Amino acid sequence: MKAAIALASIAIATVVVPAQKFSVSVEGVRVDVLVTDGRRPVAGLGVADFELRDSGVLQHIDSVALEDVPLSVMLVLDTSASVAGQPLVDLKRAASAVVRLLAKSDRAALMTFWASVTLASGWTGDRAQLERAIAKVGTGGFTALHDAAYAGLTLRDNGAGRTLVVIFSDGQDTASWLPGQTVIDIARRNDAVVYAVGLLPLAGARLPGYRLDFWSGIQFPVPKASAGTLMESFLDALAEDTGGQFINAERSDRLRDTFVRIVNESRSRYLLTYSPQGVDAGGWHPIEVTVKGRKLKIKARRGYLR
Amino acid sequence: MQMACRRLRRSVVAFSCATFLYVPVCAAQGAAADDLLRRYRALVDAYAEHDKSAVRELLQWNDKQIVTVLTRLDTPGDPLRPWSARRYKAAIMLHTDAALQLFDANEETMQHQLDAAVALAARAQQNDAGDVGEFASRWSIAVSRLLRDRLRPRTAERFLGEIRKALPDDAGVLFESGTLAEELATAYAFEIDLAMTDAMRRRTVETIVERVLQRRKERLETAARWLEEALAVQATESARLHLGRVRMLLGEDAEALRVFGNLESSEDPGVAYLAPLFTAAVHERQGHLDEAAAAYGRAHARYPRGHSAVIGLSAVQQRTGKGDASRESLQSLLAQPAEPDDPWWWYQYDPAGAADQRVDAIRQEARR
C-alpha cells in the first residue's frame, strides 16, 4: 500500500514509488545491534567491521554509533491485580533504578496497564517527575498486554536517540482488543528494541501462539509461517523480532537487577545506519548482520516492514 | 436377601451421581434410608435457618449416604414427601456451598456435591415443585459463572452438561453453555488436554497446531449450536451478538456482518458498541482497512469511554500509513480523565466480585 510506512525513524527524502527498487539512497534505516563474545559485550567496532544484508543484498553502512546516542526508555508495566503486594513494591524499585541510570541526554516515559492503558508520565528527562509517577502506580484488574505493548511502541520517542521499550508482565493477556500478531506487525514498522521481562515460575505457564491467539478474533492469514513460528509466545516473538530479549526474572526481588542489566546492555549496543540499495521498496525486509572474520553473537531486529 | 442388598448397594454407589433415578430398596435398607432422609431434611432446614454448621456436617457425609438420600427423596418411597420448593432451594444451595468449600481441596468430591445439587433440581422438575425450575436456571448460571471466574471452565462445562439434562429447554442455561464454549474456543484455545499432550510427546509442532485448530472449530460449532437453541427459546440481543461473533470466528463473515449490522441500533450501549467493534474485526481480517476504521469510529461514537475501539482504530491508521493520526488517537485515549471502561472487557468475564455476588444473591434467596 502506498505510503504504508510508519517507521518514525525513517527520514523520507523523496517520494518512493512502491514496487520499485531502491536505486538511489532515499531512506535511512537504523538497526540496533548487540555484539557479544560469550556473555560479554564487544566494544570498539566500527563501520569496517560490520556486514549488513537487507533482503540478502549487501549494503553500505553509513555510520556506526555506540556511546553518543541518547537513550529513550519506555517502561510499560503490568499493574494488574496479580502484581499487587510485594511484586508491585519490587517493580517500583526496578523502575526507579532505571530512572537513576538515565544520563543527562536520556529520556524516559512510564506506561502502566491492567485492562486499561495509562500514560503515567510522558517523555521527559526530569527524574523527579518520573519518580513521582512511579510512586503513584497502583493495581487494577485484567491484563491487556497486547494493547499496552502496542501503545508503548506507537508512543515511542520521536527524538534522535535510540528507543528501548521495556515491557514487564507477570501473566497472560486477558483483556486486549489487539491480537499479538498486530502488535508484532507494528513492531516491524518501528525501530524500537523491545526487552520483555516476565515473572513466571520456572515451569513456565506461558502459553504459545501469538499468531494463533484467538482472543479478539482478528486473525490474519499467515500462509508462509511455519508451525514452529505459529507456536511462539507473544513476548518471546516481540523481543526476538525487534532485536531484544525475553528475560524471565522468576522472582520479583530480581526485577531491579534485571531492569538495570537491560539498560546497561542497551548502552553497549551499536546503532548502524544505512540507506537501502537494490532492494524492493515495500514489504518485509529481512536483515542479517555479521562481524567480519569473527565468530561473535549478534542480536538485531529480524527485519523491517514497509 | 443380604446378598441382594449388597449387590444393590454397590449398584447404587456406582450409579452416576447426576441422575439418581429411583431404585427400590429392600426393607432393612429402607429403614436406614428413612433415618438418613430425616437427618438430611434436618440439615437442609438448619441451613435454611442460617446454621453455619450445616455445610460442615454435610461434608462429613460420604457419597453412599448422599446417594441413598437422593435416590429416595420426594419419591413414592419417601415418608417425608412432598418436599416444598423452599426446601428444594435450600438443599440445592446446601450442596453448592459444600462444593465451594472443596474448591481447592478435592475437585472430584466438589463435583459430586454439584451433581447432588443438579439431581435435586431434576427431581424438583419431575415433581413440579413450584418455582424451583426458574430458581435452578439462575442458580446454575451463577455457579457456572463462579467456576469460570475461578478458571475452572472444564468443570463448568461438565456441570452445564448435567444441568441441561434437568433443564433441557432453558434459554439461560443454553446461552451460558454457548458463551462457555465460545470462551473455551478463544481464551482457552491452547489449553493442554490429552490429545495435545500426546502430540507434544511425539514432538510434532504441526500436530499441536492442527489439534488446536481442530478443537477450536469443534468448540465454536458447539457454541453455535447452544446459542441457536437459546435463541429458539428466547431471542435476546446478547445471544445474537455472541452467535454473530461465533460465526465470525468460524469464518462465516457475511452472516456475522448481517447480525452485527442489525445490532448496531441496539438501545443497550454495550451491544451497540460491540456490534461495530466486531464488524471492524471482520473487515480487518478481510483486509478492508477503510471499512474497519469506519466501524471503529462508529463504536467509539457509541461508547466514548471504550478503549478497544480507539486502540483498534489507531492500529488500523498505523497500518494504512497514517502514523500521526494513529498517535493522536492513542494520545487522546490516554489523556481521558474519565475512569476507563469497556464492554469488551466484560464480554466474556464478569467484573471482579460479580460472580461471588451472584451466588450470594441466590444463597439469600434459598434461605428466605
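A, B, ... follow the sequence lines: proteins, then strands. Residue 1 opens every chain. Given the structure is predicted, the values throughout are model-derived calculations rather than measurements.
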By a 4.5 Å heavy-atom criterion (distance strictly below it), what part of [X] contacts chain A: side chain, backbone, both, or neither?
X	answer
B/L330	side chain
B/A185	backbone
B/E183	neither
B/L333	neither

Taking all atoms of both residues into account, what is the closest heavy-atom pair of [X] and [Y], and its distance?
X	Y	answer
B/A315	A/Y150	N-OH, 3.1 Å
B/H307	A/A115	ND1-O, 4.5 Å
B/R327	A/R156	NH1-O, 3.1 Å

Calculate, to the nearest 0.5 Å, the distance between atoms CG and CD belonging to A/L178 and B/E284 respectively.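 That separation rounds to 7.5 Å.
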
Just one of A/T154, A/D147, A/T182 clears the side chain to side chain contact (heavy atoms under 4.5 Å, CB included) bar with B/I311, so which one?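 That would be A/D147.
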
Give the ring-plane orientation class for B/Y296 versus A/W177, where under 30° counts as parallel, over 60° as perpendicular and anything between as tilted.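 It falls in the perpendicular class, over 60°.
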
Inter-chain contacts: residues 134-143 of chain A against chain B, heavy atoms under 4.5 Å: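 Under the 4.5 Å heavy-atom cut-off, A/F142 qualify.
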
Leading residue by heavy atom contact count with chain A [cutoff under 4.5 Å; candidates B/L277, B/D324, B/T186]: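 Highest number of heavy-atom pairs under 4.5 Å: B/L277.
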
Quick one: list whatever passes side-chain contact (heavy atoms from CB on, under 4.5 Å) with B/A294, sequence neighbours left out.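 side-chain contact (heavy atoms from CB on, under 4.5 Å) list for B/A294, sorted by chain: B/R298.
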
Between A/V183, A/L155, A/I186, A/D173, the one whose heavy-atom pairs under 4.5 Å with chain B are most numerous: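 Top count of heavy-atom pairs under 4.5 Å with chain B: A/L155.
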
Do the side chain of B/Y349 and the main chain of A/T174 share a donor and acceptor less than 3.5 angstrom apart?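 Between the backbone of A/T174 and the side chain of B/Y349 there is no qualifying donor-acceptor contact (under 3.5 Å).
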
Is there a donor-acceptor pair under 3.5 Å between the side chain of B/W344 and the backbone N or O of A/A175?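 Yes: the side chain of B/W344 pairs with the backbone of A/A175.
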
